[in-house]
Structures are given as C-alpha cells and as structure tokens.
Amino acid sequence: MNNLELLPIPLLEWYRENARVLPWRSDPTPYHVWISEIMLQQTRVAAVLDYYRRFLDELPTVAHLAAVEEDRLLKLWQGLGYYNRARNLQKAARQIMEDHDGAFPDTYEQIRCLTGVGDYTAGAIASIAFGIPVPAVDGNVLRVVARVTGDEGDILKGDTKARMGEALRAVMPVEAPGDFNQALMELGAMVCLPNGAPLCDRCPARDFCVARRTERIGELPVKTPKKPRRVEERTVFLIFYGEKVALRRRPKRGLLAGLWEYPNEQSPASCPVEAATLADGPAGRHIFTHIEWHMGSILVEAAGERLPEGWVWVGREELARDYALPNAFRAFRETVERRLGGEDPWQSSIFDMV
DNA sequence: AACGCGGGGAG
DNA sequence: CTCCCAGCGTT
C-alpha cells in the first residue's frame, strides 16, 4: 500500500534499545495501563510520574477507585488538569464493578465502552495490556505516520485519523501490538519531534521517510491552527476570619468543575461578603488553553463568621490536605499560607508580585 | 465537525 | 510569546 510496511521491524528494534523505563511499563496490568493512559491524555510523561505513583499507592485496584470519595479523588488529581478525567475514571470503575463483576473487560469493544475511553485509549489498553492487534493513534503517532508516509491530510480531522489508523492496522505485527504502538509513540516523543525539529539521524525510518526524502519535515504534519484565547479580568477576594480563609466550590460543569477556589468576581467593587478591606494582595496571571485570567486580589477581614450557602472556612492544614485548589490560584498561595500561619500577610506580599 | 476542558515544558 | 502534549465528551 505504502512505505509504512517498512517501518515495524526497524522500529521495534529501535524501541527495544531505546524505550524509557516507565513505572506503567514494569507491570502492565489492565488497571495500570488504564490509569497511566488516562493521566497521559494531553499530558507529558514527566508531569504524570508523581501523580501515577501516588494514585496507585492509595487506589491500587478498580474496587478502591470505585469506592473512593470524589473529593479525595479530585485531591489526588489536583494540578494535573482536565479534571473530568478523574470523575470519568471513577464512573468507569463502577461500570467495571457492576457490568463485569470487577474484572477488567478484555475486548476492544468492551474497553471502548468505558467512560473516558475513546478510540485511542481503547487501542492502547487493548494492545498493551491484552496483546490485541489494534492501533492506538495519538498525536505522536499522527505526526510520525504523516511524515513517514508523506500524508498531507489535516491530522485534526477524523478522516485523516481513520486513514492513518487503517494504514497502521495493515502493518501491525500481530506478535507485538503493544510494543509496536508504544514504539510509535516513543519515536514521536523522543525523535520525531514537532515544530520542524526532529532528530532524523537517530530515526529508524530515516532511509524511507517520505517527509525526509522530499524535504518536507518542516511542513508535515498538516494541522489547522486553533483559535486565539480570550482574556478575562478577575478580582480574587482573600477573605479571612481568625486563622481561616473562605473557599467556595466551583459549579459542577464547565471550567475547573467541582474544584475549590477563593471567591472571585469580575469587578473589585463586588466583595461577596460583608468585610473590611485591609489591603491589595498580589496579582496573578494564569493561562489556560482557551482563556487567560488576569487576576488582582484584595485581602479582607470578614465582619462575622457567616458565609453564603456552600462556602467554607478553612485552616492551613485542611487546605493543604482536603481541598483541591487548581493551580490557577497559585499566585495567592504564599500570601494565604502566611496569613493562616498567623503572620502579617501583606508585609511581604510584594514579593508575590514579581 | 466544532468546541470546551489544565497545566506545563521546550524552543 | 507559540506550540503541543500517550484525547474525550458534549453539542
């Protein structure tokens, strides 16, 4: 069909010499592979390592995951992003307990039915954990295949993904589907790098890569640009009472759904509780994929203990242990910790603004 | 077929 | 700054 059939043998040889040692590769049970694959969605290996260890340490089986408190689950996920992944993980764990009597499903179709498991992840689990010869087409694989075959299709489009998946299925080595899929991803992550900076001299496909032979490495893969971010101005209210700070829970849907936050509004004039303003706090800036928050902050002392429904007063220890606070609020962490520790919060808060 | 959804590392 | 990462669910 195309030169892709030249890839498996040199790729597998390269992989056996160059595969990184990763915790989910040492004991690739279905549960281990599943957790790692969900964490790795749109997330680099380096960012996942610590989360993976802590997660499996506390939730070593599907049954543990199915039973854990949701707030505890979100705390384990705090800072990793895309928090619906964590909730979907638990939904799927409960599916496994109820529909499969606690045994991880062992066909591609059944795995694909789990909440949070799409085409890619189903292929990864099926091939790596069960040796089923199905492709696992992620961003790395799309880039590698686009370059090796010289495919000019937009890799964000469904038909391009489907075409590349079928091309891979046709050359899949049935004796090593898991290694083949992981080798493709490893090659994309370590050698066939994006943005026209690949290390072609180390590539097992260098002799037959179409993009290299036709000098189109810088132009492949083809990918439609994404739309620009919008900027949102927010004023964050750091509200204290004694040695506690006010937190509220974000809505169940949308950005940072279900996580905790310091109360914040669009305008600095709309402090949500009756309080005396004490000082301006540090500024913060946080860039999401599609939104950019520009945050000012105001330190206030509440007039009384009463809070709106669903808000809570939290001390320093509980904040660190029990409440999943997104990294977007990192700029205020030092200030809040100092105040909750009984120090003068704005004495040194100027340092937070650097 | 678009869009929303985090956070961080590399160039 | 920009790009992109072992993508998925919703609309």
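The structure displayed is predicted, hence computed values, not measured ones. Labels below follow one simple rule: chain letters A, B, ... track the order of the sequence lines, proteins then strands, and each chain is numbered from 1.
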Inset, instruction - Measure from the side chain of A/Lys226, starting at C-beta and using heavy atoms only, and say which of C/dC8, C/dC4, C/dT10 lies closest. - result: C/dC4
Inset, instruction - Using heavy atoms to find the nearest nucleotide of DNA chain C for A/Asp138 and A/Arg229 separately, return the residue whose nucleotide is more 5′. - result: A/Arg229
Legend entry - Derivation and outcome, side chain to side chain contact (heavy atoms under 4.5 Å, CB included), residues A/Leu255 and A/Tyr83: CA-CA 9 Å; A/Leu255 185 67; A/Tyr83 298 92; over 6 Å; no
Inset, instruction - Pick base, sugar-phosphate or nothing for A/Val117, based on heavy-atom distances below 4.0 Å to the nucleic acid. - result: sugar-phosphate
Legend entry - Which nucleotide in C/dT2, C/dG7, C/dC3 has an atom nearest any side-chain atom of A/Thr121: C/dG7
Inset, instruction - May I ask you to say what A/Arg143 touches in the nucleic acid, namely base, sugar-phosphate or nothing, with a heavy-atom cut-off under 4.0 Å? - result: sugar-phosphate
Inset, instruction - Mind checking A/Asp119 for me? I need base, sugar-phosphate or nothing, with any heavy atom below 4.0 Å counting as a touch. - result: sugar-phosphate
Inset, instruction - May I ask you to list the residues sharing a hydrophobic cluster with A/Leu220, side-chain cutoff 4.5 Å, ordered by chain and number? - result: A/Val222
Inset, instruction - Calculate the interatomic distance between A/Arg87 atom CZ and C/dC8 atom P; express it in whole Å. - result: 18 Å
Inset, instruction - Report which part of the nucleic acid A/Phe288 touches: base, sugar-phosphate, or nothing (heavy-atom distance under 4.0 Å, all strands). - result: sugar-phosphate
Inset, instruction - Using a cut-off of strictly less than 4.0 Å, decide whether A/Asn195 has a side-chain nitrogen or oxygen near OP1 or OP2 of C/dC3. - result: no
Legend entry - Under 3.5 Å: donor-acceptor pair, side chain of A/Ser297, backbone of A/Pro282: yes
Legend entry - Neighbours of DNA chain B within residues 77-85 of chain A, by heavy-atom distance under 4.0 Å: A/Gly79, A/Leu80, A/Gly81, A/Tyr82, A/Tyr83
Legend entry - Distance-only polar pair, side chains of A/Glu37 and A/Tyr120, donor-acceptor under 3.5 Å: yes
Inset, instruction - Between C/dC5 and B/dC5, how far apart are the C1' atoms? Round to whole Å, please. - result: 14 Å
Legend entry - Contact interval (first through last nucleotide) of DNA chain B with protein chain A, 4.0 Å heavy-atom: B/dA2 to B/dG9
Inset, instruction - Remember a base hit wins even if backbone is also touched, and classify A/Arg20 as base, sugar-phosphate or nothing at under 4.0 Å, heavy atoms. - result: base
Inset, instruction - Could you tell me whether a side-chain N or O of A/Tyr31 sits under 3.5 Å from a main-chain N or O of A/Thr61, the two making a donor and an acceptor? - result: yes
Legend entry - A/Lys223 NZ to C/dC4 P, straight-line distance once rounded to whole Å: 5 Å
Legend entry - salt bridge (Lys or Arg N to Asp or Glu O under 4.0 Å) contacts in which one or both residues fall within residues 187-212 of chain A, not counting sequence neighbours: none
Inset, instruction - Report the relative orientation of the aromatic rings in A/His286 and A/Phe288; use parallel for angles under 30°, tilted for 30 to 60°, perpendicular for over 60°. - result: perpendicular
Inset, instruction - With heavy atoms under 4.0 Å as the rule, sort A/Leu142 into base, sugar-phosphate or nothing. - result: nothing
Inset, instruction - Could you tell me the separation between the CG atom of A/Leu49 and the C1' atom of C/dA6, rounded to a whole number of Å? - result: 13 Å
Inset, instruction - Rounded off to whole Å, could you give me the CG-to-C1' distance for the A/Leu40 and C/dC4 pair? - result: 14 Å
Legend entry - Rounded interatomic separation in angstrom, taking NZ from A/Lys252 and P from C/dT10: 14 Å
Inset, instruction - Answer with base, sugar-phosphate or nothing: what part of the nucleic acid does A/Trp34 contact at a heavy-atom distance below 4.0 Å? - result: nothing
Return all side-chain donor-acceptor pairs below 3.5 angstrom for residues 307-318 of chain A, not counting sequence neighbours, or 'none' if the list is empty.
unit_1: A/Trp313; atom_1: NE1; unit_2: A/Glu305; atom_2: O; d: 2.7
unit_1: A/Glu318; atom_1: OE2; unit_2: A/Lys244; atom_2: NZ; d: 3.3
unit_1: A/Glu318; atom_1: OE2; unit_2: A/Gly315; atom_2: N; d: 2.6

Inset, instruction - Select base, sugar-phosphate, or nothing to describe what A/Gly254 touches, counting heavy atoms under 4.0 Å on all strands. - result: sugar-phosphate
Inset, instruction - Whole angstrom is fine here: how far is it from CE in A/Met190 over to C1' in C/dA6? - result: 14 Å
Legend entry - Of all pairs that satisfy side-chain hydrogen bond (donor to acceptor under 3.5 Å, both in side chains), the ones with a partner from residues 172-182 of chain A, not counting sequence neighbours: A/Arg25-A/Gln182, A/Ser127-A/Asn181
Inset, instruction - Select base, sugar-phosphate, or nothing to describe what A/Ala197 touches, counting heavy atoms under 4.0 Å on all strands. - result: nothing
Inset, instruction - Between A/Asn327 and A/Arg253, just flag the one whose closest nucleotide in DNA chain B comes earlier from the 5' side. - result: A/Arg253
Legend entry - Under 4.0 angstrom between A/Lys91 side-chain N/O and C/dC8 OP1 or OP2: no
Inset, instruction - Grab the CE-P distance between A/Met185 and C/dC4 for me, whole Å please. - result: 19 Å
Legend entry - Touch class at under 4.0 angstrom, heavy-atom based, for A/Ser36 against every strand present: nothing
Legend entry - Sidechain-backbone polar pair: A/Arg85 side chain, A/Met39 backbone, donor-acceptor under 3.5 Å: yes
Inset, instruction - Would you tell me if any nitrogen or oxygen in the side chain of A/Gln42 comes within less than 4.0 Å of OP1 or OP2 on C/dC5? - result: no
Inset, instruction - Start with the C-alpha gap between A/Val245 and A/Phe240, add the side-chain angles, then the distance that decides, and say whether side chain to side chain contact (heavy atoms under 4.5 Å, CB included) holds. - result: CA-CA 5 Å; A/Val245 66; A/Phe240 299 104; 3.7 Å; yes
Inset, instruction - Would you kindly compare A/Leu193 and A/Thr43 by the position of their nearest DNA chain B nucleotide and give the one closer to the 5′ end? - result: A/Thr43
Inset, instruction - In whole angstrom, give the distance that lies between atom CD of A/Glu186 and atom P of C/dA6. - result: 10 Å
Inset, instruction - May I ask you to check whether A/His294 and A/Arg285 show a side-chain donor-acceptor distance below 3.5 Å? - result: yes
Inset, instruction - Write down the distance separating the C1' atoms in C/dC3 and B/dG6, rounded off to the nearest Å. - result: 15 Å
